[in-house]
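Working notes, structure below.
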Amino acid sequence: MSISKFSSTFARVCAATAALLAPAVAFAQEAAPAAAAAAAPALTMDKGDNTWMLVSSALVLLMTIPGLALFYGGLVRAKNMLSVLMQVFMITAVVALLWVTYGYSLAFTDGGSLNSFIGGFSKAFLAGVNTSSLVETFSKGVAIPEYTFIVFQMTFACITPGLIVGAFAERIKFSAVMLFVVLWVTFIYFPMAHMVWFWGGPSSYTSPAGLIFSYGAIDFAGGTVVHINAGIAGLVGAIMLGKRTGYKKEIMAPHSMTLTMVGASLLWVGWFGFNAGSNLEANGYASLAFINTFVATAAAAVSWCIVESLARGKASMLGGASGAVAGLVAITPAAGFAGPMGSIVLGLIVSPVCYFFVDVVKNKFNYDDSLDVFGVHCIGGIIGALGTGILVNPALGGAGIVDYSTADFAATYAGTATQVLNQAKGVLTTLLWSGIGSAILYKIVDVVVGLRVSVEAEREGLDLSTHGEAAYHSS
């Protein structure tokens, strides 16, 4: 299919989406038909589950600020350090406000005729939500406070667009970043979250679900929603903005690997909330996601350094940190589905593939993805999403996929070919939705405020030219 046909199709979908979005909390009982709701058990809330989810929410915020901000900040030149910190910090603030205004409603309420793609506005401005509101988890009748679910998912909405800025760091206008993020979360992220994670919950599992969920694709903590989504948007942005002035002609080495290591470490710590928190309960599946997040990351860090040693003769701190992030990305969709040994294999595999895209593919096609958002997040996310379809198999130590139509919620597995195909459909949908949609949004932003700073401002550094401040002072 040609790009023009894709664009036409996406434009029609966007027109329908302009009615805009809103599912009933991915796990809320209100999406269920009245008859099913009447038969549903009374929801009960466990204080331990709620405590874990509040802690997890704080851990995911830690991933973003300061984790992601420092990780990216250390990788740019000193004259652009503060600009990256500012972009990530303000994205977090703006998206948090958009989330409670209409984002939560669009992502986690029923969207009626558009429900495959987006929710509605029934919970815009958090209408109807109070301290007594509950949201069902993955166990029938078990719930957490809706406010807790809202804030947990808010942290995901905040970090995802923050990931994108690494692709076009050191050359984009601050106003362009902020306008793009407002548009992107509205038309790309909120619909993607709905398509992947919206369903009726265990008590109403037959209710209409989001498009990718209905494929039978599984994504425990955001391989598609977060990483592939942000990674392909980053690549499109890097290409549309063009290369940094002096790219491949001037030294553009990271100014502080110390801060990058600190940021990567904070990402690893915070990711336990990201992955294990996505279980919504403090039970054995949360423990499974926790250990998988640990060992897959460790394996990926090791394998990246091995590949780097073989290819360049030396292992670098940048390589170790990059490998760790690649492992975190890959295990995200598989965290609660794979077994620990399968997670190690996934970590060992993902780093060589990401290394190839970062070191070979980027140079071959000569695009300037400043901090390798596409090579690590999009490619790592694809490896993780497809790998999840294999590693969820109980015969390989996986947890299986819960069949809510059975009395005991037995774990099932449709088979490798079937599940990997389901996963591939989810990956392809994400790439098309975000890739084409992001291109349209970048163009809109370029027309409205312009994407790039001037060459003079870029050479001076965005810290001073855009913000009138410097990250460091010599005296």
Side-chain angles (χ1 to χ4, degrees), residues 52-72 74 88 92 151-164 166 197 219-231 260-282 285-304 320-338 340 342-344 346-348 350-351 354 371-373 376-381 383-385 387-388 391:
W52 167 238
M53 292 309 300
L54 291 174
V55 170
S56 294
S57 300
L59 285 171
V60 182
L61 178 61
L62 179 75
M63 290 173 62
T64 315
I65 48 175
L68 180 66
L70 292 177
F71 179 73
Y72 278 175
V88 176
T92 302
V151 77
F152 180 68
Q153 287 294 342
M154 179 196 296
T155 60
F156 280 63
C158 290
I159 194 172
T160 305
L163 295 172
I164 301 173
W197 286 330
D219 185 350
F220 195 79
T224 50
V225 181
V226 178
H227 298 293
I228 300 175
N229 198 12
T260 292
M261 185 273 174
V262 171
S265 301
L266 288 169
L267 282 169
W268 194 346
V269 172
W271 223 292
F272 290 113
F274 196 86
N275 284 353
S278 291
N279 187 62
L280 303 184
E281 300 173 44
Y285 283 98
S287 298
L288 175 64
F290 201 105
I291 191 172
N292 286 344
T293 301
F294 221 135
V295 297
T297 308
V302 170
S303 66
W304 191 296
S322 298
V325 173
L328 289 164
V329 169
I331 196 58
T332 291
F337 296 118
S343 299
I344 291 174
L346 186 62
L348 293 173
V350 71
S351 282
C354 288
L371 310 182
D372 296 314
V373 176
V376 173
H377 289 276
C378 188
I379 298 303
I383 297 298
T388 299
L391 297 176

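Within the 4.5 Å cutoff, the side chain of Leu267 has heavy atoms near those of the Val325 side chain. When side chains are defined from C-beta on, Val60 counts as touching Phe156, because their heavy atoms get closer than 4.5 Å. The closest side-chain heavy-atom distance from Ile164 to Val373 is not below 4.5 Å. Using a 4.5 Å cut-off on side-chain heavy atoms (C-beta onward), Thr388 and Asp219 make no contact. You'll find the side chain of Pro66 reaches within 4.5 Å of the side chain of Leu266, heavy atoms only. Between Thr297 and Trp271 the shortest side-chain heavy-atom distance does not fall below 4.5 Å. The shortest distance between side-chain heavy atoms of Trp197 and Thr224 does not fall below 4.5 Å. The closest side-chain heavy-atom distance from Leu163 to Val226 is below 4.5 Å.
Across all their heavy atoms, Gly277 and Ser56 have their closest contact at CA-OG, 3.5 Å. Closest non-hydrogen pair, Thr92 versus Cys158, comes out as O-SG, 3.4 Å. Scanning both residues, Gly323 and Ala300, for their nearest heavy atoms gives O-CB, 3.1 Å. Taking each heavy atom of Val329 and Gly380 in turn, the nearest pair found is CG1-C, 3.5 Å. Nearest heavy-atom pair, Pro333 versus Gly223, reported as atom, atom and distance to 0.1 Å: CD-CA, 3.9 Å. Taking both residues in full, the closest heavy atoms of Trp52 and Glu281 are given as CD1-O, 3.9 Å, listed atom of the first, atom of the second, then distance.
The distance from atom CZ of Phe337 to atom OG of Ser343, rounded to the nearest 0.5 Å, is 12.0 Å. Annotation: the span from Thr155 atom OG1 to Leu59 atom CG amounts to 9.5 Å, rounded to 0.5 Å. One finds the OG atom of Ser303 at 10.0 Å from the CG atom of Leu346 (value rounded to the nearest 0.5 Å). In this structure, CG in Asn229 is found 12.5 Å from NE2 in His377, a value given to the nearest 0.5 Å. Once rounded to the nearest 0.5 Å, the distance linking CD1 of Ile383 with SG of Cys354 reads 7.0 Å.
Atom OH of Tyr285 is surrounded by 12 or fewer heavy atoms from other residues, nucleotides or ligands within 6.0 Å. Surrounding CD1 of Ile291 are at most 12 heavy atoms belonging to other residues, nucleotides or ligands under 6.0 Å away. Counting non-hydrogen atoms of neighbouring residues, nucleotides and ligands closer than 6.0 angstrom, the CZ atom of Phe294 reaches no more than 12 such neighbours.
Checked against Phe220 for a side chain to side chain contact (heavy atoms under 4.5 Å, CB included), the options Asn279, Leu288, Asn292, Thr332 give a single hit: Asn279.
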query: Could you go step by step and tell me if Leu328 and Phe274 meet the side-chain contact (heavy atoms from CB on, under 4.5 Å) rule?
result: CA-CA 10 Å; Leu328 289 164; Phe274 196 86; over 6 Å; no
